[in-house]
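Remarks on the structure that follows.
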Amino acid sequence: MSEQERNTLSDPNRLQTIRHSASHVMADAVASIFPETKLGIGPSTEDGFYYDFELSRSLTPEDLPVIEEKMRAIVAADVPFARREITREEARREFAEQPYKLELIDDLEDQETVSLYQHDGFVDLCRGPHVERTGEIGPFKLLSIAGAYWRGDERRPMLQRIYGTAFETQEGLDKFLHNLAEAERRDHRRLGRELDLFSIQEEAGPGLVLWHPKGSMVRKTIEDFWKEEHLRRGYDIVYTPHIFKAGLWKTSGHWEMYRENLFSPMDVDGQEYIVKPMNCPGHILMYKTRLHSYRELPIRWAELGTVYRYERSGVLHGLARVRGFTQDDAHIFCRHEQIEEEIVDVLGLARFMLRSFGFDEYQIMLSTRPDKYAGTIDKWEQATDMLEKALQRLGLVYEVDPGEGVFYGPKIDIKLQDALGRAWQGPTIQVDFNLPERFDVTYIGEDGREHPVAMIHRTVLGSMERFLACLIEHYAGAFPLWLAPVQGVVIPIADRHLDYAYRLASEIRSAGYRVQVDSRSERMNLKIREAQLQKVPYMLVVGDKEAESDTASVRLRSGEDQGKLSLEEVKSMMASDIRAFEHRARS
RNA sequence: GCCCACAUAGCUCAGCCGGUAGAGCACGCCCUUGGUAAGGGCGAGGUCACCAGUUCGAAUCUGGUUGUGGGCUCCA
């Protein structure tokens, strides 16, 4: 392969190198505009690059074009990038005015030398590599300004970060910008309002969701499906209260380990109560109402449990990050030797659920012991081991996420990928030896003695809120027929067709479909347009011809005209539409 | 919580340098009964997020509060 060929190929390292070089050029530009600039770090990222700066004043969006202009000049000058190696002492002198760089130099492993990259007059501490010359940096664009803590530590100073991206080709950049626009078009907050699915209002409180009838319909459909599948797979459905006495949360360890997420206690008759942040203690108390034989295990209790967690104001985001949400939770009480089998089953259920909702791509993470944890290291290792074994047994590829577990146990997280390839937190499976111990949860073994029970916490969708956010964006609001809140709209052409329209609608409705009649005295064109914008799967146009022949002219959301179909044909078309989705999941 | 930006009618937005608000869509009424993505007319609707301050006068300037957006930290 020739040198030229190598450079034109879409090599991921090449792209990274370009972006990293672009970040240097950006830093150069910023430093030349703001002479007092203190440099942080400037790496390439998955879809671009950034650089962190400490500046004499705050950046505004108007600064970006100016910086970009400067960058273009540097790229056009096509100056070479030069690597230099110097000793740490020399580096300390070179960056004497750069406190953040000095800190980085001090933190380098005991290497004798450090490498520098220089282009034009700009020198940066950097491992490299870089492109040969600035002219090799392809089309780029600065995207946004953000605050970022130095080294991601909220106790350290906040620097100003500029995000940008660069590509090898103009098409690459265009595609990226197009994707950004597409993501905006699919934004569940926008679609939530446009499709009248839900709202979050200042008056009600940040992070608290009001589910409008249409959003509730989607949610109900998901919940019904979820419950049925759980019953089929040996779960029992339970309900528990929204508040519990504070003592329960002290026993569970939440009071100690999960304090920053708890809402303040409320006083009820002189007793402290706390809104539940999790469902587990309720299930544990229920389990403990009587003795359980090993013969009963595993016991699988599922609850669509609404929990409340205090989330810092800056992290709230539409339905994806809220303060009150409903987990599709379940707790499995079992013997230790049953854990692996149960996890295998849960993974199977989780994969089934994801497929059912149209997600085929996902990524599995194994999160291990965090800094703040309950229980012994020994138990943690045991639990982690079991999760790992189950994953290996199913031959699933996974990554380890060190320190990301919950305080009471390690977990498997499944991140699903939506239509745009973005990852969403979905199913979570956690093994927990700690809560059973704290609450003294046991079963009676074959030997007639008490044994500690093992507990698995799991969700297979995550939460109704976040899952709906993901669904909306995945489908861009055009839900598959079985989930669509309104599955069909009957559109009478003139008022004299209303009777027939109502009759048709009620017959389809009695077959179990959600169909409405658009009875307004508006033109058919308008009704079609609105049904289309509302992403209604089936539009059933009825006029003189249809009323006479007992048919409906079927227009699909895709714009396809199916022609005149009889009532039976319409119903069977809808039925097969739904069946196709079911098969997809079970196959 | 932190950094930056933003907050005008239900929605999307205009409102230059301070002189008490405007469009399109949506909504209501009327006319139109029309064959596959917006028929026409009239009308109603805003203490310009909230609270202070500067000023003869604030949607417009200043400060604070609340909320939202993009990030950081954190997470179902």
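When reading the values below, keep in mind they use all heavy atoms of this one structure, side chains included, and skip hydrogens, waters and symmetry mates. Computed from a prediction, not measured in an experiment: that's the story for all the values here. Reminder, nothing fancy here: chain letters follow the sequence lines and each chain counts from 1.
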Working to the nearest 0.5 angstrom, can you tell me the gap between [X] [atom1] and [Y] [atom2]?
{"X": "A:Glu342", "Y": "A:Phe333", "atom1": "CD", "atom2": "CZ", "result": "12.5 Å"}
{"X": "A:Met365", "Y": "A:Thr368", "atom1": "CE", "atom2": "OG1", "result": "10.5 Å"}
{"X": "A:Ser56", "Y": "A:Ile33", "atom1": "OG", "atom2": "CD1", "result": "11.0 Å"}

Take the protein atom [atom1] of [X] and the nucleotide atom [atom2] of [N], then report the distance between them rounded to whole Å.
{"X": "A:Lys527", "N": "B:rG34", "atom1": "NZ", "atom2": "C1'", "value": "10 Å"}
{"X": "A:Glu203", "N": "B:rG10", "atom1": "CD", "atom2": "P", "value": "12 Å"}
{"X": "A:Leu416", "N": "B:rA76", "atom1": "CG", "atom2": "P", "value": "14 Å"}
{"X": "A:Leu142", "N": "B:rG71", "atom1": "CG", "atom2": "C1'", "value": "15 Å"}
{"X": "A:Ile200", "N": "B:rG69", "atom1": "CD1", "atom2": "C1'", "value": "13 Å"}
{"X": "A:Leu354", "N": "B:rA76", "atom1": "CG", "atom2": "C1'", "value": "14 Å"}

Hey, does [X] reach any base, or is it just sugar-phosphate, or nothing, if we go heavy atoms under 4.0 Å?
{"X": "A:Glu546", "value": "base"}
{"X": "A:Asp544", "value": "base"}
{"X": "A:Tyr163", "value": "sugar-phosphate"}
{"X": "A:Lys411", "value": "sugar-phosphate"}
{"X": "A:Ile528", "value": "base"}
{"X": "A:Gln425", "value": "sugar-phosphate"}
{"X": "A:Val307", "value": "nothing"}
{"X": "A:Tyr308", "value": "nothing"}
{"X": "A:Ser58", "value": "sugar-phosphate"}
{"X": "A:Ser553", "value": "base"}
{"X": "A:Asp495", "value": "base"}

State whether the distance check finds a donor on one side and an acceptor on the other, under 3.5 Å, for side chain [X] versus base [N].
{"X": "A:Arg312", "N": "B:rU73", "answer": "yes"}
{"X": "A:Arg466", "N": "B:rC75", "answer": "yes"}
{"X": "A:Arg555", "N": "B:rA37", "answer": "yes"}
{"X": "A:Arg321", "N": "B:rC74", "answer": "yes"}
{"X": "A:Glu260", "N": "B:rG1", "answer": "no"}
{"X": "A:Tyr149", "N": "B:rG71", "answer": "no"}

Considering every strand shown, what is the Watson-Crick or G-U wobble mate of [N] when both distances are under 3.5 Å?
{"N": "B:rA37", "answer": "none"}
{"N": "B:rA44", "answer": "none"}
{"N": "B:rA58", "answer": "none"}
{"N": "B:rA5", "answer": "B:rU68"}
{"N": "B:rA21", "answer": "none"}

Exercise for review: Say whether A:Trp150 and A:Asp52, considering side chains only, have a donor N or O and an acceptor N or O under 3.5 Å apart.
Suggested key: no

If we take the [atom1] atom in both [N] and [M], what is their distance in whole Å?
{"N": "B:rG19", "M": "B:rG15", "atom1": "C1'", "result": "14 Å"}
{"N": "B:rA23", "M": "B:rG45", "atom1": "P", "result": "13 Å"}
{"N": "B:rG53", "M": "B:rC16", "atom1": "C1'", "result": "25 Å"}
{"N": "B:rG57", "M": "B:rG40", "atom1": "P", "result": "47 Å"}
{"N": "B:rA58", "M": "B:rC51", "atom1": "P", "result": "14 Å"}
{"N": "B:rA59", "M": "B:rA52", "atom1": "P", "result": "14 Å"}
{"N": "B:rC50", "M": "B:rA9", "atom1": "P", "result": "10 Å"}
{"N": "B:rU73", "M": "B:rA14", "atom1": "P", "result": "33 Å"}

Exercise for review: Starting from the 5' end of RNA chain B, give me the residue, A:Arg193 or A:Gly543, whose nearest nucleotide shows up first.
Suggested key: A:Arg193

Review point. Nearest nucleotide by nearest heavy atom, which residue falls closer to the 5' end of RNA chain B, A:Ile493 or A:Thr428?
Key: A:Ile493

I'd like to know if [X] and [Y] make a salt bridge, using a cut-off of under 4.0 Å between side-chain N and carboxylate O.
{"X": "A:Arg219", "Y": "A:Asp224", "value": "no"}
{"X": "A:Glu569", "Y": "A:Lys564", "value": "no"}
{"X": "A:Arg458", "Y": "A:Glu303", "value": "no"}

Practice item. Give the nucleotide from the list B:rG39, B:rA37, B:rU73 with an atom nearest to the side chain of A:Glu154. Key: B:rU73

Practice item. Just compare B:rC4, B:rU73, B:rC75 and give me whichever is closest to any side-chain atom of A:Arg309. Key: B:rC75

Point to revise | Within 6.0 angstrom of A:Glu36 CD, more than 12 heavy atoms from elsewhere | key: no

Point to revise | Heavy atoms from other residues, nucleotides or ligands near NZ of A:Lys70 exceed 12 (cutoff 6.0 Å) | key: no

Review point. Are OP1 or OP2 of B:rG70 and a side-chain N or O of A:His317 less than 4.0 angstrom apart?
Key: yes

Check your understanding: For A:Phe325 and B:rA76, do the ring centres fall under 5.5 Å apart while the planes stay under 30° apart?
Key -> yes

